[in-house]
Amino acid sequence: MAFRTKKQYILSKGLDEYFKGVHSAWKFTGLFFKEVFKRPFHLREVINQSFEIGLKSLPLISLTGFIVGIVFTKQSRPSLEDFGATSWLPSLIGIAIVKALGPLVTALICAGKVGSGIGAELGSMKVTEQIDAMEVSAINPYKYLVVTRVLATTITIPVLALYCSFVALYGSYLNVHAEETSSMIAFYQSAFKTISFLDIFTSVTKSIVFGFTIGIVGTYKGFNATQGTRGVGRAANQAVVLAMFLIFIEEVLIVQVANWFRFF
Amino acid sequence: MKELHNIIHREETVISITGLHKSFGDLEVLRGVDFNLFRGENVAVLGKSGTGKSVLIKIIVGLLTRDQGEVIVLGQHIDQLVGKELDTLRLRIGFSFQSSALYDSMNVHQNLAFPLIMNRKTMSKAEIDFAVDEVLDSVGLANKNKQMPSDLSGGQRKRIGIARTLILKPEIMLYDEPTSGLDPITSAEIIDLINEVQERYNTSSVIITHDLTCAKNTANRIAMLHKGRFLKVGTFDEVFGSENEQVQGFFNYNFIR
Ligand SMILES: Nc1ncnc2c1ncn2[C@@H]1O[C@H](COP(=O)(O)OP(=O)(O)OP(=O)(O)O)[C@@H](O)[C@H]1O
Ligand SMILES: [Mg+2]
């Protein structure tokens with residue numbers, strides 16, 4: 001049997017553990033940048049994961065994007081009508097969707113669907129010692145499981161976000177078309193008229209950051225799952241909550257930084 | 001079950017542990033373990049649940065780090081190795097998990113091929129398939145290629161787990177409770193398998209077990225882990241012939257109940 005001895009804490013048990021957690025999360029993230037450029041690259045696994053992530057979230061993103069487009073257009077029309085500015089509708093929708101809604105909606109859906117999936121998958125591999133099994137057969141589990149998944153989310157989520165924006169704009173077009181006759185080309189042209197290169201660039205950057213966040217948070221929570229099957233559920237759950245929280249913070253920060261650039 | 005006739009090279013130690021200590025937070029698990037394993041030898045490690053048997057072999061493969069003491073495996077301090085050197089050493093050690101730890105997203109064939117695909121880059125697909133079939137045959141599960149781990153019985157999983165470590169042809173095998181949770185007949189088959197592996201691949205092994213039948217039939221020496229130290233190390237008769245209360249307790253418990 002084992003023996004217990006008293007252990008000293010620097011601040012208090014809770015605080016010590018909190019800071020240790022933050023430190024280990026930083027180290028986990030830092031390791032990604034160290035490992036991502038090293039061989040072997042496991043390209044096939046990256047591609048598999050990307051397809052998996054893309055296909056898994058495609059139906060939900062299509063539906064959500066489409067509905068957001070319709071509803072947003074429908075709700076904005078009366079306010080613009082008050083000012084007699086319904087011709088502005090496409091540009092307003094364009095800005096809202098491409099700059100804000102597309103990336104954010106996609107990221108939140110993927111945090112729920114993909115992030116929790118990664119957290120649960122790696123969490124169950126962790127508690128059933130499959131990750132240890134990789135390590136003892138000289139396979140680097142961080143490279144094989146973490147780097148591949150983080151790359152996959154970082155690549156796939158921006159693509160999904162662009163797709164989501166287009167679907168949302170299409171939904172919006174259908175709504176506009178129902179009220180007044182306008183061609184699709186004309187609609188897309190006026191939707192993109194007020195959007196600059198910087199806007200697209202910011203939007204894509206944002207999606208890349210969101211994708212990276214979802215991947216890292218999911219894998220981190222999975223890798224650190226403890227206490228059997230309960231830990232797997234908790235890893236999946238925490239992966240979603242933490243990823244969403246970070247996505248909101250990043251959204252605010254990136255928009256702020258992009259606004260500074262606008263004045264140059 | 002047959003007699004053990006492995007050749008032990010007492011002049012060569014493959015695992016040498018001195019003064020090993022390990023704690024988790026304020027829980028002291030190992031408190032000064034000394035242990036040697038000679039080439040070609042099988043040692044069974046016995047001890048109550050929670051005494052740190054799994055922790056001990058996880059330190060030997062470097063899955064856990066030691067707090068104090070010296071752990072030398074195949075002539076190298078395992079805790080000082082990183083990256084490629086650690087991987088090279090690990091390929092010479094086979095670790096069969098208590099829980100089997102099969103990759104549950106892969107079928108049996110993929111489970112066995114995975115370590116080869118990752119580590120033996122020069123092997124062709126045909127060579128890998130051949131190696132997989134060969135090792136499956138040697139654990140007596142020749143036709144299970146396409147099954148998923150979730151469709152296997154506990155004993156079959158144990159064997160696939162052992163097969164997955166054998167496929168890399170290790171010099172040292174570490175078995176974590178190979179017969180736990182199995183019926184006596186399946187246990188006997190696993191015991192035979194361990195001895196066959198020993199003969200065929202000429203490995204040195206550490207076998208963790210609660211099962212005295214397994215210990216008696218696979219091991220040249222028995223080591224009793226108690227309160228974080230080895231209480232008694234010797235042949236089966238030496239250990240269980242001793243008057244020691246703890247050892248006798250373990251022995252009686254195993255046979256009377
Ligand atoms: N990673 C870990 N973190 C914290 N505590 C651990 C860890 N691994 C093991 N322990 C603790 O160390 C002690 C010994 O565990 P170990 O798994 O080695 O026991 P064991 O002798 O293998 O028991 P069993 O026969 O039940 O498998 C236990 O009290 C366990 O709670
Ligand atoms: Mg154990």
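Numbered from 1 within each chain, the chains take letters A, B, ... in sequence-line order.
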Heavy atoms from other residues, nucleotides or ligands near [atom1] of [X] exceed 12 (cutoff 6.0 Å):
{"X": "A/F41", "atom1": "CZ", "value": "yes"}
{"X": "A/K56", "atom1": "NZ", "value": "yes"}
{"X": "A/K13", "atom1": "NZ", "value": "no"}
{"X": "A/F166", "atom1": "CZ", "value": "no"}
{"X": "A/F245", "atom1": "CZ", "value": "no"}
{"X": "A/Y170", "atom1": "OH", "value": "no"}

Proximity breakdown for B/L30 and chain A, heavy-atom pairs closer than 4.5 Å: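 Contact with chain A is absent: no heavy atom of B/L30 under 4.5 Å.
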
Portion of B/K58 that has a non-hydrogen atom of chain A nearer than 4.5 angstrom: side chain

Contact listing (chain B partner; residues 126-135 of chain A; heavy atom under 4.5 Å): A/T128, A/E129, A/Q130, A/D132, A/A133, A/M134, A/E135

Among B/T165, B/L174, B/V61, side-chain contact (heavy atoms from CB on, under 4.5 Å) partner for A/V136: B/V61

Toward chain A: residues of residues 104-126 of chain B with heavy atoms under 4.5 Å: B/D104, B/F114, B/P115, B/M118, B/N119

